Amino acid sequence: MAYDHTDIEKKAREKWAGLDLYSTDLLDASRELYYLLVEFPYPSGDLHIGHWYAFAVTDIYARLLRARGKNVLFPIGFDAFGLPAENAAIKNGVDPKEWTYTNMERMREQLATMGASFDWSKEVVTCDPEYYHWTQWLFVKLFEHKLAERKEAAVKWCPKDQTVLANEQVQDGCCERCGTPIEEKWLTQWFFKITDYAERLLDGLETLPWRNEIKDAQRAWIGKSEGAKLKFKVQGVSDKEIEVFTTRPDTVFGATYVVLAPEHPLLSDVGFTKSYMNGEEVEKYVKATTKKTERERSENKEKTGVKLEGVVAINPATKEEIPIFIADYVLASYGTGAVMAVPAHDERDFEFAQTVIASETRSDPQSFIKLVVEPDLVVVKSWGREWINGKEISLLDEIRAGRYPYTGNGTLVNSGEFTGRNSEEVKWDIVKAAGGEKTTQYRLRDWLVSRQRYWGCPIPIAYNPEGKPHAIPPEHLPWLLPTDVDFLPKADPPSAGTPSKSPLASSKELKERVTKIFGEDWTPEYDTLDTFVDSSWYFLRYLDPKDSHNFSDTAFMKKWLPIDRYSGGAEHTTMHLLYSRFFIKALYDLALVPVDEPYAERFNRGIILGPDGQKMSKSKGNVVNPDEFVQNYGADAVRIYLAFIGPYNEPGSYPWNLDGVAAMRKFLERIVRLAERAHDTAEVPEAIQQALARASVKVVDDGDRFKFNTAVAALMILTNELEAFPALPKKALKQLIVMLAPFAPHLTEHVWEKLGGKGSVHQQLWPAATLAAVEEREVVVQVNGKRRGSLALATSTSESDAVIAARIIPAVVAALGGKEPVRVVYVPGKVLNLVVPR
RNA sequence: GGGCGAGUAGCCGAAUUGGUACAGGCGCAUGGCUUAGGACCAUGUCUCGCAAGAGGUGAGGGUUCGAGUCCCUCCUCGCCCACCA
């Protein structure tokens with residue numbers, strides 16, 4: 001029986017299609033329901049190794065679950081809006097829609113060659129009006145409940161893609177998509193109020209059984225910090241005050257100046273700007289910093305800033321007059337965009353005092369360093385010595401001399417009535433005394449969802465003549481993406497208050513549509529939605545993608561949610577995963593979905609490296625093309641290899657071994673040969689039954705843990721064991737084939753037929769594992785923890801009987817050296833340790 | 001700089017709760033079969049040792065009858081965040 005994989009795979013797929021094997025009957029509750037989700041792909045055009053790793057391996061689990069009698073929903077679709085389609089349009093003049101749909105067609109065919117058992121009848125395509133109709137409907141719901149709102153804020157801008165980006169989409173100060181250094185702008189944009197849910201997003205993590213890496217990454221991203229808002233009155237301009245956020249209000253007595261971010265709103269407040277004399281210099285600095293990319297701002301270690309001349313703020317604790325600066329080390333987008341500077345107790349403020357203050361005020365920077373917290377002597381004792389400038393000096397002396405910022409807690413000094421108290425203990429009393437209020441800040445920013453791009457879901461909003469946004473009424477949804485549009489991005493970035501330069505602004509049809517519905521002087525929203533909005537709810541739509549009355553079916557949602565297991569990439573931890581958790585929580589509050597966490601389990605898979613152990617990249621020339629291997633060795637060999645390459649339950653990185661797929665091919669060929677010599681014997685020998693049962697249990701356990709590497713190893717061991725039997729019953733071999741079927745769906749279908757199996761191998765139930773209660777197990781006998789022999793003992797053997805048996809072993813007798821054990825440690829079935837005095 | 005994770009053979013990796021360290025695969029070696037084979041089969045493959053045995057999971061220490069697994073210090077690598085007040 002030759003193994004012609006091309007022919008075998010083609011025939012197997014035709015057979016499955018004929019039997020309609022993978023359509024899920026959502027109403028069939030006679031079996032246990034299981035919703036297995038894998039992140040849907042972007043239709044980039046070609047299936048690469050990452051796609052195979054994502055879909056083929058998750059498919060193994062879908063098939064395992066079905067074999068175990070579960071009613072499995074394993075859907076697929078396309079995250080089809082997005083920048084690459086539009087960029088292709090700009091570059092090659094093709095219609096983004098055509099580009100996208102052509103790619104999807106190709107990818108459907110390619111996905112089929114994997115042997116993936118997706119239920120295509122529930123396919124979801126986010127750029128179909130039937131889908132984005134409901135994205136828009138959900139947007140309107142959020143808008144009506146003030147969870148979607150327009151506001152002015154410091155936002156990230158990509159000068160190449162000509163669009164704003166969400167905070168999460170900036171990596172290393174660069175645009176996630178194109179790598180261009182991003183700029184910060186102050187703009188009016190649409191936001192989802194994810195910060196309202198910060199606390200609940202944190203709470204929800206407590207009960208989720210996800211791996212800690214994922215939960216910790218989300219916690220870090222949300223970045224909760226407890227602190228206080230304090231108000232610094234501006235002297236001379238009575239109604240102005242500068243509000244700062246600090247996590248260390250206990251150091252307020254040491255605040256010797258205040259710093260505003262260059263984008264701080266006060267700097268565009270006429271009442272305030274006329275209060276200082278060096279307006280020109282300030283404006284120059286502001287302009288210079290806003291021009292800088294975020295990367296330039298953070299890479300430049302040297303701090304810069306300008307003092308506002310002729311105006312001072314009042315420290316609310318000391319009532320002293322202190323200078324005001326602007327400096328770009330203060331972020332406009334965090335806290336209040338202003339900080340109180342305590343150079344004695346904050347490294348950044350200390351550095352600023354050493355450099356900028358020295359040059360800006362012509363006074364001794366030391367006069368700004370006011371010690372208010374002294375390290376407790378206990379602390380100093382344990383780490384109190386440091387080498388500074390090559391000399392060993394008491395750190396306490398350095399701190400007292402103002403030559404070293406001390407950022408820990410300790411005893412307050414120079415702090416009025418609080419002097420002598422513990423800084424941590426009186427922190428909140430100081431807030432009260434200074435007239436401030438306790439607040440919690442989050443690193444998480446509201447989710448910016450507007451994009452100045454064409455190929456996205458149109459935001460279903462129109463503006464009245466006063467510029468107030470109104471939702472497009474439901475009867476006009478889907479709010480279609482116009483086609484009479486010039487995609488080319490406009491050169492100038494938008495600025496606050498100016499009309500949008502988005503591609504949609506060039507559509508006459510869109511404007512006419514708005515005029516017709518709302519009247520003259522009304523204008524459409526020209527921005528489109530971030531594609532992460534599309535993907536925040538797609539898994540709800542899978543339940544009934546053709547429903548034209550609802551975004552999803554309530555009865556189905558009650559049955560099938562939450563998703564049992566979600567398989568995806570680690571790169572989505574702080575983006576998609578966080579966004580969709582927020583989205584579901586918001587919809588839960590609006591009573592639209594029955595659960596407030598979407599995913600019961602989440603598994604982040606790893607990545608496949610090139611054969612050289614480096615990340616695959618065209619420039620390194622180490623890209624592995626899966627098609628080549630599929631052609632030479634078959635899809636099944638590639639599937640098994642990917643399952644075998646490493647544990648799927650942790651986001652490690654695994655180098656592609658050039659001989660690996662060939663090895664799996666050899667394994668499959670051994671299976672074929674094994675099938676050829678199987679007999680119609682009626683009885684399956686006990687030893688074979690046990691080998692089958694061991695594999696059956698192991699594969700199920702490992703599968704549930706997403707450890708397909710050891711599951712494959714178990715099947716290899718089983719194959720080795722079966723090969724050793726001269727007479728192989730077909731019955732036994734069929735069980736091996738059923739267990740191998742999830743991994744190698746095509747070949748096993750072929751072999752199943754050859755063995756005379758009925759129907760499809762994929763309709764067979766998992767072999768019941770009747771592991772004989774093993775009476776005897778090998779027990780290791782140790783003397784003082786050293787292995788001295790072993791015994792085959794029933795698990796029911798008592799400790800004293802075990803000791804008697806052990807004391808007959810010569811090596812044990814020798815090791816005991818005539819001494820009596822003073823202690824015996826006996827773990828039945830595992831170990832017997834005799835402890836003697838040394 | 002901060003957070004998280006990981007270091008086991010020539011390579012990828014096994015080792016559910018602390019209980020025989022290195023399963024399975026690759027690679028390599030020897031032999032068989034063969035006109036030949038990069039096919040297939042068999043055997044071997046952590047180190048030292050003829051053997052009995054001893055040592056061995058990045059380094060050092062600790063807890064324990066017993067540590068790859070737990071604790072402390074350090075080193076290296078990876079990922080994420082990064083002037084977040």
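Lettering of chains follows the sequences in order, A, B, ..., and the numbering in each one begins at 1. The structure displayed is predicted, hence computed values, not measured ones.
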Between CD of A:Gln782 and P of B:rU64 the distance, given in whole Å, is 17 Å
note: A:Lys698, atom NZ; B:rG24, atom P; distance rounded to Å ~ 12 Å
Q. Taking atom C1' in both B:rU69 and B:rA14, what distance in whole Å separates the two?
A. 14 Å
How about A:Tyr61 and A:Phe706: are their ring centroids closer than 6.0 Å? yes
For the C1' atoms, the ones on B:rG68 and on B:rG7, what distance do you get once it is rounded to whole angstrom?
11 Å
Of the candidates B:rU20, B:rG19, B:rA23, the side chain of A:Thr710 sits closest to B:rA23
* Hey, is CD on A:Glu347 packed in by over 12 heavy atoms from elsewhere, all under 6.0 Å? -> no
- Query: If we ignore angles and hydrogens, is there a donor and acceptor under 3.5 Å between the side chains of A:Tyr329 and A:Asp349?
  - Reply: yes
Between A:Glu723 and A:Ala713, whichever has its closest RNA chain B nucleotide further toward 5' is A:Ala713
Closest to the side chain of A:Val835, out of B:rU20, B:rC65, B:rG25, is B:rC65
Of B:rA14, B:rC83, B:rG25, the nucleotide closest to the side chain of A:Lys707 is B:rA14
What distance, rounded to whole Å, do you find between the two P atoms, one in B:rG66 and one in B:rG19? 14 Å
Taken to the nearest whole Å, CZ/A:Phe350 to P/B:rG1 is 18 Å
Regarding the side chain of A:Arg673, the nearest nucleotide among B:rG19, B:rC41, B:rA23 is B:rC41
Looking only at B:rA85, B:rG25, B:rU16, the nucleotide nearest the A:Phe644 side chain is B:rG25
5'-most contact on RNA chain B (nearest-nucleotide basis), A:Asp349 vs A:Pro655, goes to A:Pro655
Less than 4.0 angstrom between a side-chain N/O of A:Asn709 and OP1 or OP2 of B:rA14, yes or no? yes
- Item | Inter-nucleotide P distance (B:rG31, B:rG38), Å rounded | 14 Å
With respect to the phosphate group of B:rA85, does any side-chain polar atom (N or O) of A:Ser225 fall under 4.0 Å of OP1 or OP2?
yes
Within the pair A:Asn604 and B:rC79, is there a side-chain N or O less than 4.0 Å away from OP1 or OP2? no
**Message:** Taking any heavy-atom pair under 4.0 Å as a contact, classify A:Ala663: base, sugar-phosphate, or nothing.
**Reply:** sugar-phosphate
(message) Over all strands shown, is A:Asp701 touching base, sugar-phosphate only, or nothing at heavy-atom distances under 4.0 angstrom?
(response) base
Partner of B:rA6 under the Watson-Crick or G-U wobble criteria, both distances under 3.5 Å, comes out as B:rU76
A:Arg211 near the nucleic acid: base, sugar-phosphate alone, or nothing, with a heavy-atom cut-off under 4.0 Å? nothing
Quick one: is B:rA54 close enough that its OP1 or OP2 comes under 4.0 Å of any side-chain N or O from A:Arg788? yes
Any strand, both distances under 3.5 Å, Watson-Crick or G-U wobble: B:rA85 pairs with none
note: A:Leu609, atom CG; B:rC77, atom P; distance rounded to Å ~ 17 Å
note: A:Lys215, atom NZ; B:rG5, atom C1'; distance rounded to Å ~ 16 Å
Does atom CZ (A:Arg443) have a neighbourhood of more than 12 heavy atoms from anything else shown, all under 6.0 Å?
yes
Without hydrogens or angle criteria, can the side chains of A:Tyr579 and A:Thr574 be said to hold a donor-acceptor pair below 3.5 Å?
-> no
Q. How about A:Tyr404 and A:Phe350: are their ring centroids closer than 6.0 Å?
A. no
Tell me what A:Val330 touches on the nucleic acid: a base, only sugar-phosphate, or nothing, going by heavy atoms under 4.0 Å. base
Do any side-chain nitrogens or oxygens of A:Arg443 fall under 4.0 Å of OP1 or OP2 in B:rA82?
yes
For A:Leu331, report the nucleic acid contact type (base, sugar-phosphate, nothing); a contact means any heavy atom under 4.0 Å.
base
Atom CG of A:Asp216 and atom P of B:rA6 are separated, to the nearest Å, by 12 Å
For B:rU45, the nucleotide meeting Watson-Crick or G-U wobble distances (both under 3.5 Å) is B:rG27
Contact under 4.0 Å: A:Arg823 side-chain N or O vs B:rC65 OP1/OP2:
yes
Rounding to the closest angstrom, what is the interatomic distance between B:rA67 and B:rU20 at atom P? 11 Å
note: A:Lys786, atom NZ; B:rC65, atom P; distance rounded to Å ~ 16 Å
Under 4.0 Å: is that the gap between some side-chain N or O of A:Lys666 and OP1 or OP2 of B:rA39? yes
Scanning all shown strands, the Watson-Crick or wobble mate of B:rC40 with both distances under 3.5 Å is B:rG32
With the side chain defined as heavy atoms from C-beta on, A:Arg787 is closest, among B:rA85, B:rA14, B:rU20, to B:rU20
Paired to B:rC65 by Watson-Crick or G-U wobble criteria (both distances under 3.5 Å) is B:rG19
Taking B:rA85, B:rC81, B:rA14 as options, the one with an atom nearest any side-chain atom of A:Tyr334 is B:rA85
- prompt: Using a cut-off of 4.0 Å on non-hydrogen atoms, how would the nucleic acid contact of A:Tyr654 be classed: base, sugar-phosphate, or nothing?
  reply: sugar-phosphate
Side-chain contact check for A:Ile717: nearest option of B:rG24, B:rC65, B:rA85 is B:rG24
Which part of the nucleic acid, if any, lies within contact of A:Pro651, taking any heavy atom under 4.0 Å across all strands shown: a base, the sugar-phosphate backbone alone, or nothing?
nothing
Rounded to whole Å, the CD1-C1' distance (A:Ile645 to B:rC12) equals 8 Å
| query | For A:Lys615, does the NZ atom have more than 12 heavy-atom neighbours from other residues, nucleotides or ligands under 6.0 Å away? | reply | no
From the candidates B:rC83, B:rG19, B:rC26, the one with an atom nearest any side-chain atom of A:Asn833 is B:rG19
Reckon A:Glu213 touches a base, only the sugar-phosphate, or nothing at all at heavy-atom distances under 4.0 Å? sugar-phosphate
Does A:Lys303 make a cation-pi contact with A:Phe352 (under 6.0 Å, within 45 degrees of the axis)?
no
A:Gln218 versus A:Trp210, side-chain donor and acceptor atoms under 3.5 Å: no
Applying the 3.5 Å cut-off to both distances, the Watson-Crick or G-U partner of B:rU57 turns out to be none
message: In whole Å, measure the gap between the P atoms of B:rA21 and B:rA85 for me.
response: 49 Å
- Using atom C1' of each nucleotide, how far apart are B:rC46 and B:rA23 to the nearest Å? 15 Å
message: If I pick the C1' atom on B:rA29 and the same atom on B:rG10, what distance separates them, to the nearest angstrom?
response: 13 Å
Regarding A:Glu424 and A:Asn409, do their side chains bring together a donor and an acceptor under 3.5 Å, going by distance alone? yes
- Task: Report which part of the nucleic acid A:Lys615 touches: base, sugar-phosphate, or nothing (heavy-atom distance under 4.0 Å, all strands).
- Result: nothing
